[in-house]
Visitor: 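Shown below is the structure under consideration.
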Amino acid sequence: MKKNIKKTIVENNVSKINKQDLKRNLINQRLAEASESDVDFLYKKYNSTSKGILKEDIVDENRDEFGVNKISKKGSDTIGKRLVRSFFNLFNIILFVLAIVSSVIDIILPLTQSKHDEVNYITVSIILILVFASSIIHFVQEQKSASSANKLIEIIETTCLVERNGVLKEIPMDEIVVGDIIHLAAGDIIPGDVRIISAKDLFVSQSSLTGESDAIEKYSDIDKNKTYDNITDRSNLAFMGSNIISGSAKAIVIVVGNDTFIGKVASKLNEKQVPTNFEKGIKKISIMLTVIIACVIPIVFLIVGLMHQKTEGSAAWINALLFGISIAVGLTPEMLPMIVTACLSKGSMAMGKAKTIVKNINSIQNFGAMDILCTDKTGTITQDEIILERHLDVNGKEDTHVLKYAFLNSYYQTGLKNLLDKSIINRTLDLADEEKTLDNLELHYLKIDEVPFDFNRKRMSVLVKSLKNDKVTLITKGAVEEIINVCNKIYLDGKVVPLDKKVVKKVLNKVEEFSEEGMRVVAVASKKSNIEAVGKLSVADEKDMTLIGYLTFLDPPKDSAEDAIKKLHNLGVEVKILTGDNPLVTKAVCSKVGIPYQRILLGKDISRLSDVELAIEVEKTQIFAKLSPDQKARIITILRKNGHVVGYMGDGINDAPAMKVADVSISVDTAVDIAKESANIILLEKDLNVLATGIVEGRKTHANINKYIKMTVSSNFGNIFSVVIASALLPFIPMAPVQIIFLNLIYDFCCGTIPWDNVDKEFIQSPRQWGHKSIWKFMLWFGPASSIVDIMAFCLLFFVIIPRSLSGTTFTKISDFTALNDEQQKLFKYMFWAGWLVVSMWTQTFVIHLLRTDKMPIFKSNSSTAVIISTLGGVAVVTALPYIPKINSSLQLAPLPAEFYGWLALLLGTYTLLVLITKIIYKKLYKEFL
């Protein structure tokens with residue numbers, strides 16, 4: 001029978017695999033067919049036309065037939081996963097185990113032995129309340145954060161330019177259907193698996209799919225006689241998730257959603273994000289505490305069992321186990337997951353109010369730990385509103401002929417029209433009324449072809465034909481050095497003369513003058529051409545050209561930039577500029593906004609340096625100019641290897657590689673698709689002041705999580721240490737298991753307000769990283785301080801306060817306890833437990849205010865109102881417990897005499913003095929506190 005069942009399971013699994021393979025093969029056949037078919041056949045098959053899908057009902061039909069353009073990822077975060085994560089973390093698992101053991105001892109064994117009067121539900125109930133309460137709060141915080149993030153992310157939804165019924169419009173990627181005609185340009189992410197209909201110098205990065213580091217050129221046709229090993233090798237197919245590096249294209253969508261190449265990969269993989277430094281730190285802390293718990297339980301179990309075996313017999317070992325479980329619960333910071341999530345989500349919501357979208361709340365911690373911010377210049381420290389200041393001939397005189405050619409180049413290019421292009425077009429339109437030669441230029445010229453811009457050439461060309469005289473002209477504009485490289489002549493004083501070194505030097509000197517003023521200079525060149533056929537123009541034609549002049553642009557610094565740079569500097573964050581722009585322009589802008597720099601490193605110099613040499617240079621260089629995208633990524637990688645936490649802010653195509661390797665990647669909602677997809681954090685305002693706000697929130701998050709862990713672990717460790725000592729000396733256990741667990745419950749709820757605590761300004765002035773070793777040091781120093789007070793409390797309660805309350809005399813030795821009758825001994829224990837419960841609660845909550853700050857508490861640094869109210873409430877509840885009928889008997893407590901509270905004040909004063917002295921010594925030894 002078992003063999004048959006096993007055989008059936010195997011057959012079912014094989015059947016599923018076969019179905020998946022069959023479906024995958026069918027999709028590949030569709031793509032191969034699309035690759036080899038005529039475009040008209042594809043239009044007919046997928047209910048489309050050269051103008052796109054004509055009717056909206058056809059869009060719905062195609063969506064129903066071929067699927068929705070969404071990928072279902074197994075690794076995506078769902079409500080179910082958040083629930084599992086909230087309830088089944090390391091600390092909750094420990095508590096679940098303890099609850100099971102306690103239920104066996106306290107409930108199951110008494111019931112099986114018919115000892116119903118010994119059944120105790122309180123311990124198990126409190127443990128389960130702890131688990132349930134912390135887990136629910138953790139889940140609610142995560143859910144709230146996820147919901148908030150999803151609402152904000154909808155604002156920055158990635159879109160695609162689609163043509164339907166001849167009309168071009170931007171629509172969200174998930175609304176794309178099979179048969180849609182899409183238009184692609186540099187920076188776009190491809191929204192599905194597509195067949196390219198037409199392309200112009202199209203280069204696509206498929207590294208996320210195939211691992212190929214170089215961009216692949218794509219075409220509209222294919223060699224049908226060639227054999228292709230993989231579907232991704234076909235040059236007229238492009239795939240979802242890859243991005244356009246340069247050029248432009250028109251394509252028809254063949255496959256969408258889960259059926260795409262990347263969708264099939266995603267369906268098999270449970271995508272896990274690489275753990276951040278913060279996550280690694282929390283994990284190490286969790287493991288450390290687990291090890292401590294594992295060591296403490298057997299020690300306590302043996303001490304208590306051996307001490308009370310003579311008087312209690314075999315019951316001593318059961319009581320010892322219960323006591324050990326209680327100690328473990330007391331040492332477990334079960335609220336840690338909730339505190340961490342609350343701190344992170346609070347920071348996320350605060351940043352949301354500051355117009356910042358946090359796509360992953362864990363990145364807030366890295367934001368706070370960041371000590372270097374690398375950023376592009378344009379749009380971050382400048383206004384991103386480039387103004388065309390002058391259009392000049394090579395002598396530096398205004399020349400409308402230069403502006404005319406620059407306009408034709410910018411107007412007719414089909415790639416991304418950047419700010420320079422828009423500035424040229426707007427300036428030409430403004431001057432058209434005064435200069436008739438600039439009026440309606442687009443009506444006097446016909447575009448024939450183009451060579452789009454790419455980041456290697458740093459130039460772009462258009463081929464235009466004059467409708468007046470039929471002359472064909474190639475017009476190229478771009479970076480000055482790159483334009484000079486393709487020129488052999490120059491238009492000088494009304495004549496075309498050879499371009500020699502002397503003239504080049506003169507031109508470059510003039511360009512340098514403008515650059516030093518903070519202006520960006522773009523050169524314009526032209527030549528007559530005999531190319532009149534579309535598709536014949538190529539990069540090879542960009543040669544033997546005539547330099548006719550240049551354009552100067554000004555991108556003024558933002559009004560807020562200088563103030564923001566100062567804020568970042570005051571927060572201990574060094575700003576480094578990584579730009580592909582001219583070094584002189586960058587230097588001028590940096591001088592205006594107060595970015596200190598000692599030297600500038602150029603891309604050509606970086607390419608000659610080894611990683612070891614560059615690791616030295618990056619530490620003393622603030623401006624990196626004329627960089628390629630890969631060089632930006634290389635600089636960030638080396639900075640991280642040097643031990644820095646690096647953030648990168650970018651919004652362009654060339655920023656994507658750098659964003660992928662940074663600890664924190666930051667973009668803006670107006671960025672290109674690939675930049676937004678790569679970013680952890682997206683700014684709704686392109687302002688460095690918002691970054692300063694985010695850094696502060698990140699450091700507050702770190703501070704409050706750090707406070708909770710150090711205070712709780714050191715306080716609990718001190719109590720446990722005290723209990724171990726008292727267990728070895730007292731004739732009874734120093735506190736009943738139910739009391740330890742109840743104390744922990746109240747204390748944890750007091751700590752629940754720590755995410756909303758105030759943080760000292762000094763703490764957020766410099767970046768801080770996680771160090772679990774510092775928790776060991778903190779615990780070993782401040783834990784014994786509370787133990788000293790606990791032992792004082794034991795002595796006072798055992799020898800002075802309780803004996804005087806019961807018999808009017810004091811005890812001189814421990815054995816005096818045996819002289820009491822059974823009723824008196826029971827009352828003595830209940831009073832002792834009540835006394836130490838109150839002392840423990842007062843000291844544990846009091847220490848929150850003493851250790852939450854590096855300064856003198858109360859006088860120089862106050863807790864937040866929420867922390868004050870929660871701690872006062874916790875103290876009031878525990879102090880009142882011994883006096884509440886029925887509850888005090890259930891918890892095995894008895895009322896305390898008034899004399900106790902005078903001694904309590906003395907104990908608190910002593911504890912305060914001990915903690916403050918320990919703080920002074922600790923800070924002198926380790927040069928830090930929290």
Side-chain angles (χ1 to χ4, degrees), residues 377-378 386-410 418-421 423-424 427-428 431 451 453-462 473-529 539 541-555 579-589 600 602-605 623 625-627:
K377 172 180 64 66
T378 306
I386 292 178
I387 302 165
L388 175 59
E389 286 282 302
R390 301 171 190 172
H391 43 281
L392 310 169
D393 63 19
V394 291
N395 287 321
K397 296 178 182 177
E398 293 258 334
D399 189 343
T400 54
H401 184 66
V402 175
L403 181 58
K404 171 184 168 182
Y405 274 20
F407 172 85
L408 292 171
N409 180 284
S410 295
N418 59 28
L419 295 171
L420 297 177
D421 293 312
S423 177
I424 291 167
R427 181 68 169 163
T428 306
L431 293 177
V451 183
F453 177 86
D454 67 58
F455 293 104
N456 293 320
R457 289 165 41 248
K458 295 185 180 177
R459 59 180 182 267
M460 70 86 49
S461 300
V462 296
T473 306
L474 177 64
I475 305 169
T476 302
K477 80 171 189 301
V480 175
E481 294 88 342
E482 278 68 22
I483 293 296
I484 289 175
N485 287 338
V486 297
C487 290
N488 61 0
K489 297 181 285 295
I490 185 170
Y491 187 75
L492 188 64
D493 299 326
K495 298 178 181 179
V496 175
V497 298
L499 185 63
D500 55 31
K501 290 183 179 179
K502 184 178 178 182
V503 176
V504 168
K505 186 177 180 181
K506 181 180 177 183
V507 169
L508 292 178
N509 286 341
K510 194 69 179 175
V511 169
E512 189 171 341
E513 288 178 21
F514 289 117
S515 297
E516 287 175 347
E517 294 175 20
M519 292 187 177
R520 182 171 180 176
V521 184
V522 170
V524 181
S526 69
K527 75 170 182 178
K528 292 179 182 178
S529 176
V539 174
D541 294 303
E542 294 176 332
K543 63 180 181 179
D544 301 330
M545 302 192 74
T546 301
L547 179 66
I548 62 171
Y550 40 79
L551 313 164
T552 63
F553 299 86
L554 183 64
D555 185 6
T579 181
D581 206 352
N582 185 299
L584 294 175
V585 173
T586 307
K587 180 181 173 182
V589 172
I600 299 174
L602 302 181
K604 62 182 180 181
D605 300 321
I623 298 176
K626 305 294 285 184
L627 299 178

Visitor: Enter the distance from Ile387:CD1 to Leu420:CG here, rounded to the nearest 0.5 Å.
Guide: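 Answer for the CD1-CG pair, Ile387 versus Leu420, is 12.0 Å.
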
Visitor: Under the side-chain contact (heavy atoms from CB on, under 4.5 Å) rule, collect the residues that match up with Ser526, sequence neighbours excluded.
Guide: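 Partners of Ser526 by the side-chain contact (heavy atoms from CB on, under 4.5 Å) criterion, ordered by chain and then number, come out as Tyr405, Thr473, Ile548.
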
Visitor: Do Glu542 and Ser461 meet the criterion of a side-chain donor-acceptor pair at a distance under 3.5 Å?
Guide: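 Note: Glu542 and Ser461 side chains meet the donor-acceptor criterion.
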
Visitor: Just jot down the ring pair (Phe, Tyr, Trp, His ring centres under 6.0 Å) partners of Phe514, sequence neighbours excluded, or say none.
Guide: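 Result, ring pair (Phe, Tyr, Trp, His ring centres under 6.0 Å) vs Phe514: none returned.
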
Visitor: Looking at Lys527, I want to see if its NZ is surrounded by more than 12 non-hydrogen atoms of other residues, nucleotides or ligands under 6.0 Å.
Guide: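 Yes - once you tally the heavy atoms of other residues, nucleotides and ligands closer than 6.0 Å, there are more than 12.
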
Visitor: Looking at CG of Leu431 and NE2 of His391, how far apart are the two atoms once the value is rounded to the nearest 0.5 Å?
Guide: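 The NE2 atom of His391 is 5.5 Å from CG of Leu431, to the nearest 0.5 Å.
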
Visitor: To the nearest 0.5 angstrom, please state how far the CE atom of Met519 sits from the CG atom of Leu551.
Guide: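 Spacing of CE (Met519) from CG (Leu551) equals 12.0 Å.
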
Visitor: I'd like to check the salt bridge (Lys or Arg N to Asp or Glu O under 4.0 Å) partners of Lys510; sequence neighbours left out, ordered by chain and number.
Guide: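 Once residues adjacent in sequence are excluded, the partners of Lys510 under the salt bridge (Lys or Arg N to Asp or Glu O under 4.0 Å) criterion are Glu513.
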
Visitor: Any heavy-atom pair between the side chains of Leu392 and Val402 that's under 4.5 Å?
Guide: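 Counting from C-beta outward, Val402 and Leu392 never come under 4.5 Å.
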
Visitor: Would you say that Lys477 contacts Ile475 through its side chain, given a criterion of any heavy-atom pair below 4.5 Å between the two side chains?
Guide: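 Side-chain contact under 4.5 Å: no.
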
Visitor: By side-chain contact (heavy atoms from CB on, under 4.5 Å), which residues pair with Ala588, not counting sequence neighbours?
Guide: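 In terms of side-chain contact (heavy atoms from CB on, under 4.5 Å), with neighbours along the sequence ignored, Ala588 is linked to no residue.
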
Visitor: Do Asp541 and Val451 come within less than 4.5 Å of each other through their side chains, counting heavy atoms only?
Guide: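 The answer is no; the side chains never approach within 4.5 Å.
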
Visitor: Please report the shortest heavy-atom distance between Tyr550 and Ala523, naming the atom on each side.
Guide: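 Minimum heavy-atom contact is CB-CA, 4.0 Å.
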
Visitor: Any chance NZ of Lys489 has more than 12 other-residue heavy atoms, nucleotides or ligands included, within less than 6.0 Å?
Guide: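 Above 12, so yes.
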
Visitor: Could you state the interatomic distance from CZ (Arg390) to OG1 (Thr552), rounded to the nearest 0.5 Å?
Guide: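 Arg390 atom CZ to Thr552 atom OG1 measures 5.5 Å (nearest 0.5 Å).
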
Visitor: In Å, rounded to the nearest 0.5 Å, how long is the span from CD1 of Ile484 to CG of Leu508?
Guide: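 Those atoms lie 4.5 Å apart.
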
Visitor: Between Thr476 and Ala525 (side chain of the first, backbone of the second, donor and acceptor by atom type, cut-off under 3.5 Å), is there such a pair?
Guide: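 Between the backbone of Ala525 and the side chain of Thr476 there is no qualifying donor-acceptor contact (under 3.5 Å).
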
Visitor: Which pairs of donor and acceptor atoms, one on a side chain in residues 490-505, lie under 3.5 Å apart (sequence neighbours left out)?
Guide:
| residue | atom | partner | partner atom | Å |
| --- | --- | --- | --- | --- |
| Asp493 | OD1 | Asn395 | ND2 | 2.7 |
| Asp500 | OD1 | Lys502 | N | 3.3 |
| Asp500 | OD1 | Val503 | N | 2.8 |

Visitor: Thr546 and Cys487: which non-hydrogen atoms are nearest, and at how many Å?
Guide: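 For Thr546 versus Cys487, the nearest heavy atoms are C-SG, 4.0 Å.
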
Visitor: State which residues pass salt bridge (Lys or Arg N to Asp or Glu O under 4.0 Å) with Arg427; sequence neighbours excluded, sorted by chain then number.
Guide: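 Result, salt bridge (Lys or Arg N to Asp or Glu O under 4.0 Å) vs Arg427: none returned.
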
Visitor: Once rounded to the nearest 0.5 Å, what's the spacing between atom NZ of Lys528 and atom CG of Leu474?
Guide: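 Going from the NZ atom of Lys528 to the CG atom of Leu474 covers 13.5 Å.
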
Visitor: Between Asn409 and Val524, is there a side-chain heavy-atom distance shorter than 4.5 Å?
Guide: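 Not touching, per the 4.5 Å side-chain cut-off.
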
Visitor: Using a 4.5 Å cut-off on heavy atoms from C-beta on, say whether the side chain of Ile623 contacts that of Pro583.
Guide: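 Not touching, per the 4.5 Å side-chain cut-off.
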
